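Bear in mind that the values here come from a model prediction, so they are computed numbers and not experimental data. Just follow the structure's listing: the first ligand is 1, and inside any ligand the first atom is 1.
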Amino acid sequence: MPAQIINGKKISEEIKQEVKKQAEALYKETGIVPGLAFILVGDNPASKVYVTMKGKACEELGFYSITLKLPAETTEEELLQKIQNLNSDPKIHGILVQLPLPSHINEQKILQAIDPIKDVDGFHPVNVGKLVIGLETYLPCTPAGIQELLKRSGINPSGKHVVVLGRSNIVGKPIANILLQKKEWANATVTICHTGTKDISYFTKQADILIVAMGKPEFVKGDMIKPGAVVIDVGVNRVDDPSSEKGYKLVGDVHFESAYEVASAITPVPGGVGPMTIAMLMKNTLQAAINQIAVKQLSN
Ligand code: GUN
């Protein structure tokens, strides 16, 4: 039987509507509108698209947002200064520095300059540490979106073998840490594969839930998947397609047609994990506003 297609677009719309309602209630109660600042350095075309989409989601939900578009030659000091300004701006509750940054900028130094209470990406070491030890914090948006997709599709990772392909700080490491927590909609046995792994198929064939975030177009084929497994494809790759108007098409890290025949459920690309990242960013930004209101009340 072919797989159930997990509709991330639809689920993300539901979440955004929920967040919108909660934000309206917050405004009625406090007069505060959640505010999010984007920083985009240089002209990476994919990053531009992502920041535009995130800005549109803010508009849709009635959030305040600003985008600082900085040239590729921006220095580390200039960027740090911008972050300091946003850290002390009361209208801004979340700060998102779109990655990757140009190579002359030390990414960790920049991420560590963001006030952890405004770190809606969950990339500051304080928030990463909280995630690892199971404390409440802002979860990185893509992994949080994956967990939410599983939850809203009724797929419980508890007791399952989750195999993650990729060990990035943005997806692989955080999703592994989220799903291994002794918590609801987690509690999985987790294996992480990476560029140092020998015989990746050996591991993928054992996965009840296979999460692929390696950035290699259509790497995972149907014959690498255990029949009935759930496949979550995080990859977004542009490949040449002369038959399309743009000259390219988007494919995931999974070869969809062959995987679809073997899996019990699968996320498409586009329309799977991608829209969930944005929905979870909105959720984190609302939470950041709530957290900052609470801190202000305590200090009054
Ligand atoms: N680049 C790719 N994914 C992300 C993300 O979730 N957040 C940021 N800031 N940059 C990214």
Side-chain angles (χ1 to χ4, degrees), residues 8 12 15-16 36-58 63 65-70 72 74 79-80 82-83 86-87 92-103 105-116 118-128 131 137-149 164 166-178 211-216 232-238 250 252-253 267 269-270 272-285 287-288:
S12 72
I15 295 168
K16 283 192 290 181
L36 178 52
F38 302 101
I39 303 183
L40 176 63
V41 187
D43 39 32
N44 179 314
S47 292
K48 278 188 189 170
V49 172
Y50 291 139
V51 169
T52 303
M53 283 162 56
K54 291 169 184 175
K56 278 191 183 148
C58 286
F63 286 19
S65 83
I66 56 169
T67 302
L68 308 185
K69 290 184 185 156
L70 306 175
T74 304
L79 191 49
L80 289 170
K82 301 280 183 204
I83 292 172
L86 295 168
N87 278 342
I92 296 297
H93 305 103
I95 302 171
L96 184 146
V97 178
Q98 187 65 28
L99 303 176
L101 287 169
S103 55
I105 297 176
N106 181 332
E107 187 177 290
Q108 271 309 313
K109 204 165 163 189
I110 298 304
L111 295 178
Q112 289 176 34
I114 297 172
D115 185 334
K118 296 194 176 187
D119 172 34
V120 286
D121 257 326
F123 293 162
H124 190 289
V126 164
N127 291 323
V128 176
L131 160 60
T137 183
Y138 306 116
L139 298 180
C141 304
T142 302
I146 295 171
Q147 188 186 35
E148 199 63 30
L149 265 187
V164 179
R167 58 176 153 187
S168 71
N169 291 338
I170 296 180
V171 184
K173 283 183 208 157
I175 191 62
N177 277 291
I178 289 169
I211 300 175
V212 191
M214 55 202 307
K216 289 191 183 169
I232 305 293
D233 188 355
V234 187
V236 183
N237 308 287
R238 279 186 189 192
L250 294 182
D253 289 353
T267 59
V269 176
V273 173
M276 293 298 291
T277 299
I278 298 180
M280 300 319 277
L281 174 65
M282 297 299 113
K283 200 169 173 205
N284 280 352
T285 303
Q287 190 58 52

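- Between Ser168 and Pro174, the closest heavy-atom pair is O-CD, 3.6 Å.
- Evaluated for a side chain to side chain contact (heavy atoms under 4.5 Å, CB included) with Val41, the options Pro102, Ser47, Pro100 yield exactly one hit, Pro102.
- In this model, a donor atom of one side chain and an acceptor atom of the other lie less than 3.5 Å apart for Thr137 and Asn127.
- Proximity of Cys141 to Asn284: side-chain heavy atoms (C-beta onward) are separated by under 4.5 Å at one or more points.
- Residues lining ligand 1 at a heavy-atom distance below 4.0 Å are given as Leu96, Val97, Gln98, Leu99, Asp121, Phe123, Ile170, ordered by chain and residue number.
- Evaluation of the salt bridge (charged side-chain N to carboxylate O under 4.0 Å, His left out) test over residues 105-116, restricted to residues two or more places apart or in two chains, returns Glu76-Lys109.
- Between the side chains of Lys54 and Gln98, at least one donor-acceptor pair of N or O atoms lies under 3.5 Å.
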